[in-house]
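Comments concern the structure below.
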Amino acid sequence: MKAAVITFPGSNCDYDCFHALRDQVGADVGYVWHREQEVGDVDLVVLPGGFSYGDYLRPGAIARFSPIMESVVAHARRGGAVLGICNGFQILCEVGLLPGALLRNESLRFVSRHVWLRVENARTIYTSRYNKADLLRIHLAHGDGKYHADPETLARLEGDDRIVFRYVNRDGTVGPGSNPNGSAHNIAGIVNEAGNVLGMMPHPERAVDPVLGSEHGLPLFLSLSENLSTAGAA
């Protein structure tokens with residue numbers, strides 16, 4: 001699998017993603033600066049977390065106009081895999097590759113802690129190493145992570161099985177205390193209609209090694225490596 005990690009001014013999780021891809025799953029991965037024009041001949045593009053352009057205007061609003069984004073959008077529309085994590089999810093919504101928007105946390109405070117996710121769809125290229133209803137302990141860190149969409153969009157996401165991860169309590173239930181930011185339907189991650197673009201607020205790259213406190217994010221990168229390497233070989 002060949003991958004590109006896009007670095008914007010203010011990115012701070014680009015190395016974490018690079019490490020997860022190179023050192024944990026053996027991907028051929030490189031950085032691409034946001035002012036470049038092409039992502040190159042890659043299977044996967046990663047938009048990492050951080051605070052691109054200092055979150056001016058709103059998170060992702062300026063980064064979506066970076067020169068590299070035209071190539072990222074073209075890659076996605078050709079069927080290439082695009083993973084947006086945290087700020088990357090915000091950028092994907094801003095550029096129109098995913099529906100909805102990420103708003104200020106309901107608490108109006110920055111949240112940084114481990115949360116529990118439930119795998120809602122284990123049939124994507126990102127989740128084939130999981131089982132449906134698996135519970136994952138993953139770290140999140142954001143001030144604008146409240147997923148919002150109109151009722152029709154939310155109904156389509158539910159009906160088309162495009163909600164990939166949902167915030168839950170430790171026992172896997174949705175209820176008081178399970179939603180860290182007020183996201184509609186406890187949404188933590190969604191895919192586009194084609195299933196090749198995933199946006200999620202929690203950080204799987206921070207959960208790929210026991211020293212980090214969790215390995216629950218590793219199957220996501222292993223899923224990508226297996227599925228995209230197989231696609232490339234075919």
Side-chain angles (χ1 to χ4, degrees), residues 5-20 34 45-64 66 69 72 82-120 126 135-149 154 157 163-170 174 177-191 197-208 212-214 216-217 220-221:
V5 176
I6 310 301
T7 299
F8 299 91
S11 294
N12 64 12
C13 298
D14 42 348
Y15 182 76
D16 304 68
C17 292
F18 183 95
H19 163 73
H34 76 116
V45 174
V46 180
L47 304 181
F51 305 90
S52 59
Y53 292 93
D55 282 351
Y56 291 119
L57 299 182
R58 61 184 180 272
I62 298 177
R64 60 91 73 229
S66 285
M69 288 307 299
V72 172
V82 179
L83 169 61
I85 302 169
C86 196
N87 188 221
F89 187 7
Q90 296 162 340
I91 296 169
L92 289 176
C93 289
E94 287 287 339
V95 81
L97 286 176
L98 290 175
L102 283 307
L103 307 181
R104 191 70 177 160
N105 292 345
E106 199 166 70
S107 67
L108 301 182
R109 295 183 177 183
F110 190 89
V111 177
S112 178
R113 62 182 174 91
H114 282 90
V115 296
W116 288 93
L117 310 179
R118 188 175 67 206
V119 178
E120 303 291 83
Y126 300 90
L135 299 180
L136 316 179
R137 183 174 182 266
I138 306 286
H139 192 262
L140 60 71
H142 57 247
D144 298 80
K146 178 182 177 180
Y147 183 77
H148 173 80
L154 291 171
L157 291 174
I163 299 173
V164 179
F165 301 110
R166 201 184 304 268
Y167 298 113
V168 294
N169 290 312
R170 187 170 185 170
V174 172
S178 64
N179 194 328
N181 48 38
S183 286
H185 294 210
N186 280 50
I187 288 172
I190 61 172
V191 288
V197 178
L198 170 67
M200 60 186 299
M201 287 308 295
H203 289 267
E205 77 281 9
R206 298 183 184 178
V208 296
L212 299 174
S214 173
H216 292 172
L220 184 147
F221 295 101

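Heavy atoms only: backbone and side chains are in, while hydrogens, waters and symmetry mates are out.
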Point to revise | Any residue meeting side chain to side chain donor-acceptor pair (under 3.5 Å) with S214, in chain and number order, not counting sequence neighbours | key: none
Study note, to complete from the structure: Residues passing the side chain to side chain donor-acceptor pair (under 3.5 Å) test with H216, sequence neighbours excluded, are none
**Study point:** Distance (rounded to the nearest 0.5 Å) between L198 CG and L220 CG
**Key:** 6.5 Å
Exercise for review: Apply side chain to side chain donor-acceptor pair (under 3.5 Å) to N186 and list each qualifying residue two or more places apart in sequence or on a separate chain.
Suggested key: S178, N179
Check your understanding: Which heavy atom in G100 sits nearest to a heavy atom in C93, and how many Å separate them?
Key -> O-CB, 3.4 Å
Revision key, fill the gap. Heavy-atom closest pair (V46 atom, C17 atom, distance to 0.1 Å) is CG1-SG, 3.9 Å
Review point. Which value, rounded to the nearest 0.5 Å, describes the distance between F221 atom CZ and L83 atom CG?
Key: 6.0 Å
Practice item. Check the pair H139, S112 against side chain to side chain contact (heavy atoms under 4.5 Å, CB included), reporting the backbone distance first and the verdict last. Key: CA-CA 7 Å; H139 192 262; S112 178; 3.3 Å; yes
**Study point:** Between CZ on residue F89 and CG on residue L98, distance to nearest 0.5 Å
**Key:** 6.0 Å
Check your understanding: At their closest point, which heavy atom of M69 faces which heavy atom of R64, and how far apart are they?
Key -> CB-O, 3.5 Å
Check your understanding: Under the side chain to side chain contact (heavy atoms under 4.5 Å, CB included) criterion, do Q90 and L102 qualify, and how do the steps go?
Key -> CA-CA 6 Å; Q90 296 162 340; L102 283 307; 3.8 Å; yes
Check your understanding: Could you give the distance from CZ (R118) to CZ (F165), rounded to the nearest 0.5 Å?
Key -> 12.5 Å
Check your understanding: Is the closest side-chain heavy-atom distance between V72 and V95 below 4.5 Å?
Key -> no
Check your understanding: Looking only at atom types and distance, does a side-chain atom of R58 sit under 3.5 Å from a main-chain N or O of E94, one as donor and one as acceptor?
Key -> no
Practice item. Please report the closest heavy-atom contact between N169 and W116, naming both atoms and the distance. Key: O-CB, 3.9 Å
Check your understanding: Going by the angle between their ring planes, with limits at 30° and 60°, are H34 and F8 parallel, tilted or perpendicular?
Key -> tilted
**Study point:** R206 backbone acceptor or donor facing D16 side chain under 3.5 Å
**Key:** no
Check your understanding: Taking atom OH of Y56 as the centre, does the number of heavy atoms from other residues, nucleotides or ligands within less than 6.0 Å exceed 12?
Key -> no
Practice item. Taking the side chain as every heavy atom from C-beta outward, state whether P48 and F18 have any pair of such atoms under 4.5 Å apart. Key: no
Check your understanding: Heavy-atom distance under 4.5 Å between the side chains of L154 and I187, does that happen here?
Key -> yes
Exercise for review: Could you go through the side chain to side chain contact (heavy atoms under 4.5 Å, CB included) check for Y147 and I190 one step at a time?
Suggested key: CA-CA 10 Å; Y147 183 77; I190 61 172; 3.6 Å; yes
Review point. Which pair of non-hydrogen atoms, one from E205 and one from A20, has the smallest distance, and what is that distance?
Key: CB-CB, 4.2 Å
Review point. Looking only at side chains, do N181 and H142 share a donor and an acceptor under 3.5 Å apart?
Key: yes
Exercise for review: Rounded to the nearest 0.5 Å, what's the gap from CD1 on I163 to CD on E120? Could you check?
Suggested key: 7.0 Å
Review point. If every non-hydrogen atom of A141 is compared with every non-hydrogen atom of C86, which pair is closest and at what distance?
Key: O-SG, 3.5 Å
Study note, to complete from the structure: d(D14 CG, L47 CG) to nearest 0.5 Å is 11.5 Å
Review point. Going through the checks in order, is the side chain to side chain contact (heavy atoms under 4.5 Å, CB included) test met by I85 and C13?
Key: CA-CA 9 Å; I85 302 169; C13 298; over 6 Å; no
Check your understanding: Heavy atoms, side chains only, cut-off 4.5 Å: are P99 and L157 in contact?
Key -> yes
